[in-house]
Structures are given as structure tokens and as C-alpha cells.
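None of these values were measured; they are calculated from a predicted model.
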Amino acid sequence: MAVHESQVDAVARVYAQSLFELAETAGGQAAIEETADELESIVELARSDRSFGEFLTSSILAADKRAASLRAIFAGRITERTLRFLLVLNEKGRLGRLESIAEAFDMLLQEKFGRVEVGVWTATPADAATLDAIRDRLRAALKREPVLHASVDESMLGGIRLQVGDQLIDGSVATRLRRLKEQLSQRGAAAVRSGADRFLAD
């Protein structure tokens, strides 16, 4: 999950902190990571399934009916801890903030264990050796443990694009070609100006 701190508000942080402390008490880092994975899966389901997303945020559906449905959908599929958290959000009318809460939870996880989420885009699927090399270079540069999320962008001609927090590191072939074109254009303009200056000076 790509984390953008500006998208995480104070309310999301409060709920995320509460869940984080519950998970940490229940099972330390393993329970925290398990909870983070469950939150991300639920958020991804809400993104990909429009009807489920509407079910979470609908103001028409009564809270008690939605609670019953949440139990039916998730009982046995996620931890009881995460299910109880969803039920609390439902009771408080905060399920619509789930994505922001999941991002806040992920930020807490990264801060606690020195991790950083990194989006990786390549023109074709990156193999394990390539990802390991990227991970090693990022670990050395950031002094933190990078968690890579690899994706394919078929519009890229080649190369690689990285998203580290709010920072985009674009090493794609298309970007390098664009920069080269800009440099050549600038140099060409400079050469014309230099030639004109010499002509006027003669």
C-alpha cells in the first residue's frame, strides 16, 4: 500500500492507534502485520467491488443489519480482533473512513519496525533477482527495510519507476528520452545564441 501522510487525518490516526495497540498486545509484530494485511485486503475488496464499497458506506442500511452482514461475510475469514474493529467502526458510522484508517495503521507499522513501503513499476514483470537487487539498494540508501509492491506498467518502454512515500523516482526509458530531448533542445538554443553573439561581434 502506497502511504501518503496528507491523506491520513486525526480521526483515522486515533482509530488506527487503538487497533495497533490491541494487535501489539495480542501478538506483537506478527499480529500487527496480520492485522495490516487484513485491513489492506478489505480496503482492496471495497475498491474492486463497487457493491461491497457501497455496502460499507451506505447511510440507508441500518447499522444492526450491516453488523449482521459483516459477521456473515468475515467470520472465520479474518481474525476476531479485526472483525470486532469493523463492528466498532460500523457502530460509530466510521466504515467510510476505513481506507484512511488502514493507511494510518500502515504508517504506525512502518514507524515501529523501520519499514518503508515502495511501489515498483516496470514494463514487464520483474523477476525475483531484480526485486532483490532493488531491495538491497533501497535498504542501503534508506537505512530502513523496504517492502516492495511490484506492478507492471505496459506504457513504459523500459527501465523502472519507484514510489517511496510521496517521492517519485522515475528511471524509465521514456523519462530518460524526454530529458535527453530537453537537454538537446536547450543546448541547441544555446548554440544558436552563441553563434548569433559571435556574428554580431565580428
To the closest 0.5 Å, what do you measure between [atom1] ([X]) and [atom2] ([Y])?
{"X": "Leu87", "Y": "Asp64", "atom1": "CG", "atom2": "CG", "answer": "12.0 Å"}
{"X": "Leu108", "Y": "Arg13", "atom1": "CG", "atom2": "CZ", "answer": "9.0 Å"}
{"X": "Glu99", "Y": "Thr57", "atom1": "CD", "atom2": "OG1", "answer": "12.0 Å"}
{"X": "Ile42", "Y": "Asp37", "atom1": "CD1", "atom2": "CG", "answer": "11.0 Å"}
{"X": "Leu162", "Y": "His149", "atom1": "CG", "atom2": "NE2", "answer": "12.5 Å"}

In this structure, would [X] and [Y] fall into the same cluster of hydrophobic residues linked by side-chain contacts under 4.5 Å?
{"X": "Phe74", "Y": "Leu22", "answer": "no"}
{"X": "Val88", "Y": "Phe20", "answer": "no"}
{"X": "Val14", "Y": "Leu89", "answer": "no"}
{"X": "Leu45", "Y": "Leu61", "answer": "yes"}

Within a strict 4.5 Å, meaning less than it, do heavy atoms of the [X] and [Y] side chains meet?
{"X": "Val118", "Y": "Arg135", "value": "no"}
{"X": "Ile101", "Y": "Leu19", "value": "no"}
{"X": "Asp106", "Y": "Glu40", "value": "no"}
{"X": "Leu98", "Y": "Leu86", "value": "yes"}
{"X": "Lys112", "Y": "Gln29", "value": "no"}
{"X": "Leu70", "Y": "Phe55", "value": "yes"}
{"X": "Leu138", "Y": "Leu148", "value": "yes"}

Which atom pair, heavy atoms only, marks the closest approach of [X] to [Y]?
{"X": "Ala36", "Y": "Leu109", "value": "CB-CD1, 3.7 Å"}
{"X": "Ala23", "Y": "Ala31", "value": "O-CB, 3.3 Å"}
{"X": "Leu83", "Y": "Ala75", "value": "CD2-CA, 4.2 Å"}
{"X": "Asp49", "Y": "Ser51", "value": "OD1-OG, 2.6 Å"}
{"X": "Ala12", "Y": "Ala104", "value": "O-CB, 3.9 Å"}

Over 12 non-hydrogen atoms of neighbours within 6.0 angstrom of CZ in Arg139: yes
So side-chain hydrogen bond (donor to acceptor under 3.5 Å, both in side chains) across residues 83-94, not counting sequence neighbours, yields Arg66-Asn90
The side chain to side chain contact (heavy atoms under 4.5 Å, CB included) partners of Glu38 (sequence neighbours excluded) come to Glu34, Ile78, Thr79, Thr82
query = Do side-chain atoms of Ser69 reach the backbone of Lys65 as a donor and acceptor pair under 3.5 angstrom?
reply = yes
Residues at least two apart in sequence or cross-chain that pass side chain to side chain donor-acceptor pair (under 3.5 Å) with Glu54, listed by chain then number, are Arg50
